[in-house]
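Keep in mind the model is a prediction, meaning the values are calculated, not measured. The chains referred to below are lettered A, B, ... by the order of the sequence lines, with proteins before strands, and numbering in each begins at 1.
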Protein chains: 2
Amino acid sequence: MKQKRVTSYDVARVAGVSQSAVSRVFRPGFSVSKKTREKVIATANEMGYRPNAIARMLITKQSGMVAVILSSQANLNYPEVLSELNRELALHNKRVLLFTLDNAEELDELLENIWTFQVDGVIALAAHFDSKSLNLFAKHSTPIVLYNRHVPESNANTVCCNHDKGIKQLIDLLHEANHKSYLIISGPTDSDVANERREIAENYLQTLGVKDTPVIYGDYGYKSARDALKKWLKKHPKPDAIICSNDAMAIGVIDELKENFCIKVPDDMSVVGFDGINASSWYNYQITTVQQPMKQLTKAAVDILMERIENPQAAAEVRVFTGSLIEGNSIKKS
Amino acid sequence: MKQKRVTSYDVARVAGVSQSAVSRVFRPGFSVSKKTREKVIATANEMGYRPNAIARMLITKQSGMVAVILSSQANLNYPEVLSELNRELALHNKRVLLFTLDNAEELDELLENIWTFQVDGVIALAAHFDSKSLNLFAKHSTPIVLYNRHVPESNANTVCCNHDKGIKQLIDLLHEANHKSYLIISGPTDSDVANERREIAENYLQTLGVKDTPVIYGDYGYKSARDALKKWLKKHPKPDAIICSNDAMAIGVIDELKENFCIKVPDDMSVVGFDGINASSWYNYQITTVQQPMKQLTKAAVDILMERIENPQAAAEVRVFTGSLIEGNSIKKS
DNA sequence: ATGAAAGCGCTAACAC
DNA sequence: GTGTTAGCGCTTTCAT
């Protein structure tokens, strides 16, 4: 049987008070006499009454929900990010409404959905945002914070890991160990982060006098790195070191070298990764990598978002955090 | 500047039609004349109008949102599950409202939140549900589907992987390979799934004539398994085979054996896992395990939930799916 | 096919 | 401190 929901009017009637009395009891910081409060709470519990958030949203024009946009990609790389965001947002009394975005065509539909749900703000971990889409957020006065995405020609709120510093640290280690020839395994070309990491590596190698470092591409996944590397090594000489856009691919590289080319890391070749995922420190890999300061990033993202919800006209803010270098055992000693 | 949201009245006024005409245009399956529809759509686009889902929810009493309850644990083990659930639910026009539940004390607050948000249904991947909590869902007439949790003394909608069959298959392989002494590394005792897997293994070993198999405990994580195993092996003889409650711990076991005890898997000892996570097939591990039929599970969970939303008084349903045995290379040949 | 009017369950402003 | 009233932006009858 579909029982009708209990409303504040029902409670008011039974408790013998007005509806607004009930409403006040359930809102923090409103003054109600002890007697009324107790009576209301008692009858509410008895009747199983809970305030209807939907009705509240309609009138306060605050949904209490924040959209988090993931690509399934991003989710795979950092499952903890979502938990952390959820935790931080809960501290500010916000709920996470989840959206995924895997290819650019879905973007319009996604945005429609976001406007429709009247979310208080958006945190975007997915790839496909251009400055045109970002303008729409401004137009709909919906605050948005980008997580590890840099969108050129737009001044959006952003938190990100300092890829530049991290990658240079890694390359410095390789360079100091007297490596001469390099191979870069980059993430997919439609990922901003992958492109950024690749470009930093290319340019910095050039600065150090290493010219024309070849680049091959994977999809950030274990298998894609193995396949790309296998294909490459069949036709090209082996490099001294392989720079991978993320740890998952670095692990794939180490396994591929070991299984199909009898090359041991770090004895015969060096490999570096990026991200600092759990598996990077497993005994068989011990990758030298840069760990993203995930908790700082998530906290900053939420903090900025909350500020913008409070104060929408404030100027955009970018917070950059430096990752921590983890010296594993994947670089050959010179 | 905080611009006011455009409402259906605004559009109606500009387009020179009634508010209900606008409403009808934005609802599927309502008959509007072509002329009216075009006029409304045009002015709506021009004005940046989107229907307000909150107002719609209030009157239709359908929020279009489904709560998904995760533990951070579950999220780490199966990051894909959430993406899949989200995808499947989106096909039914439902959005995911995310909740996390890590310890039992948070349950009450969580439930308050769920009632408040008037979600259409709930999918629970987290551990701490007892039959008392489940009754609350019935009382609030909120359909709930449990994912891989069996709650005794309650007939809740459930989808789960056939742990029984899977674990017996794994143990059969070990037994046929002439292993005599076993060690079980179980997940935490407050996890239903961990307890179930442990009991199945204990009982089945007994059936096969293997008595008093010792059990040690981890938290499903890599490090916890290493620590527990190290402590155990210092004081006890080494078993022929180690049965792990999940792949992450199996990986930890393999690494611990290799690094600190010079025991190679599968040459010197056998290890089996459960879940079929990506890393279980990496070259250094190649664990013999059972892969959970994740896509089937998520689809079934969503299907059942949608049926219950349509038809709340239908009887509870349990769908059990058999995982697929993956024969890796972690069992010593006899 | 279209419009007028009622009302979903709450909050907010006001009077007492 | 408490009750009254007027909406929030829609959907849903019910006339026309």
Side-chain angles (χ1 to χ4, degrees), chain A residues 2-41 43-44 47-65 93 112 115-120 140, chain B residues 2-41 43-44 47-65 93 112 115-120 140:
Chain A
K2 183 83 182 176
Q3 72 210 17
K4 245 190 73 189
R5 285 204 155 279
V6 182
T7 76
S8 56
Y9 272 97
D10 301 329
V11 176
R13 191 169 13 80
V14 174
V17 297
S18 76
Q19 182 271 335
S20 25
V22 178
S23 173
R24 275 191 273 263
V25 169
F26 283 94
R27 269 179 299 164
F30 274 72
S31 51
V32 195
S33 75
K34 199 175 175 182
K35 205 177 101 192
T36 317
R37 161 164 276 119
E38 280 167 2
K39 194 160 51 182
V40 168
I41 299 244
T43 52
M47 302 175 73
Y49 169 75
R50 290 285 91 208
N52 183 331
I54 309 290
R56 176 181 290 164
M57 293 174 195
L58 183 56
I59 190 143
T60 60
K61 291 156 188 248
Q62 290 248 328
S63 67
M65 301 190 295
N93 247 309
E112 298 290 282
W115 314 140
T116 292
F117 274 93
Q118 320 277 115
V119 296
D120 297 340
H140 285 259
Chain B
K2 184 82 181 176
Q3 71 210 16
K4 245 190 71 185
R5 286 203 154 281
V6 181
T7 76
S8 56
Y9 273 97
D10 301 329
V11 176
R13 192 170 11 81
V14 174
V17 297
S18 77
Q19 182 270 335
S20 20
V22 177
S23 173
R24 275 192 274 265
V25 169
F26 282 94
R27 266 177 303 162
F30 275 72
S31 51
V32 197
S33 75
K34 199 172 173 180
K35 205 177 104 193
T36 316
R37 161 164 276 118
E38 279 167 3
K39 194 159 52 182
V40 169
I41 299 244
T43 50
M47 301 174 75
Y49 168 74
R50 289 284 91 208
N52 182 330
I54 309 289
R56 175 180 292 166
M57 293 174 195
L58 184 57
I59 190 140
T60 60
K61 290 157 190 243
Q62 290 249 326
S63 67
M65 302 190 295
N93 246 310
E112 297 291 281
W115 314 140
T116 292
F117 274 93
Q118 321 277 114
V119 296
D120 297 340
H140 284 259

A.B. asks: Just report the end-to-end axis angle for the helix from C:dA1-D:dT16 to C:dC16-D:dG1, five pairs per end, to 10 degrees.
C.D. replies: 30°
A.B. asks: Spell out, as yes or no, whether a donor-acceptor pair under 3.5 Å connects the side chain of B:Thr43 to the backbone of B:Lys39.
C.D. replies: yes
A.B. asks: How many whole angstroms separate atom CZ of B:Arg13 from atom P of D:dC10?
C.D. replies: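 Taking atom P of D:dC10 as the reference, CZ of B:Arg13 is at 13 Å.
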A.B. asks: Would you say that A:Asn52 contacts B:Gln118 through its side chain, given a criterion of any heavy-atom pair below 4.5 Å between the two side chains?
C.D. replies: yes
A.B. asks: For residues 10-36 of chain B, which residue pairs pass the salt bridge (charged side-chain N to carboxylate O under 4.0 Å, His left out) check, not counting sequence neighbours?
C.D. replies: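 Checked against salt bridge (charged side-chain N to carboxylate O under 4.0 Å, His left out) - neighbours excluded - the pairs reaching residues 10-36 of chain B are B:Asp10-B:Arg13.
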A.B. asks: Taking all heavy atoms of B:Arg37 and all of B:Phe30, pick out the closest pair and write down the distance.
C.D. replies: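 Smallest heavy-atom distance, with atoms named: NH2-O, 3.9 Å.
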A.B. asks: Report the distance from atom NZ of A:Lys34 to atom P of D:dT2, rounded to the nearest whole Å.
C.D. replies: 14 Å
A.B. asks: Quick one: does B:Thr36's side chain have a donor or acceptor within less than 3.5 Å of a partner on B:Val32's backbone?
C.D. replies: no
A.B. asks: Any donor-acceptor pair under 3.5 Å linking the side chain of B:Thr60 with the backbone of B:Arg56?
C.D. replies: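 Answer holds: yes.
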A.B. asks: Does B:Asp120 use its side chain to pair, donor to acceptor, with the backbone of B:Gly64 at less than 3.5 Å?
C.D. replies: yes
A.B. asks: Look at the aromatic rings of A:Tyr49 and A:Phe26 and report parallel, tilted or perpendicular, splitting at 30° and 60°.
C.D. replies: perpendicular
A.B. asks: Taking only side-chain N and O atoms of B:Ser31, does any of them lie within less than 4.0 angstrom of OP1 or OP2 on C:dA1?
C.D. replies: yes
A.B. asks: Treating primed atoms plus P, OP1 and OP2 as sugar-phosphate and everything else as base, which nucleotides of nucleotides 9-16 of chain C get B, S or - for protein heavy atoms under 4.0 Å?
C.D. replies: BBBB----
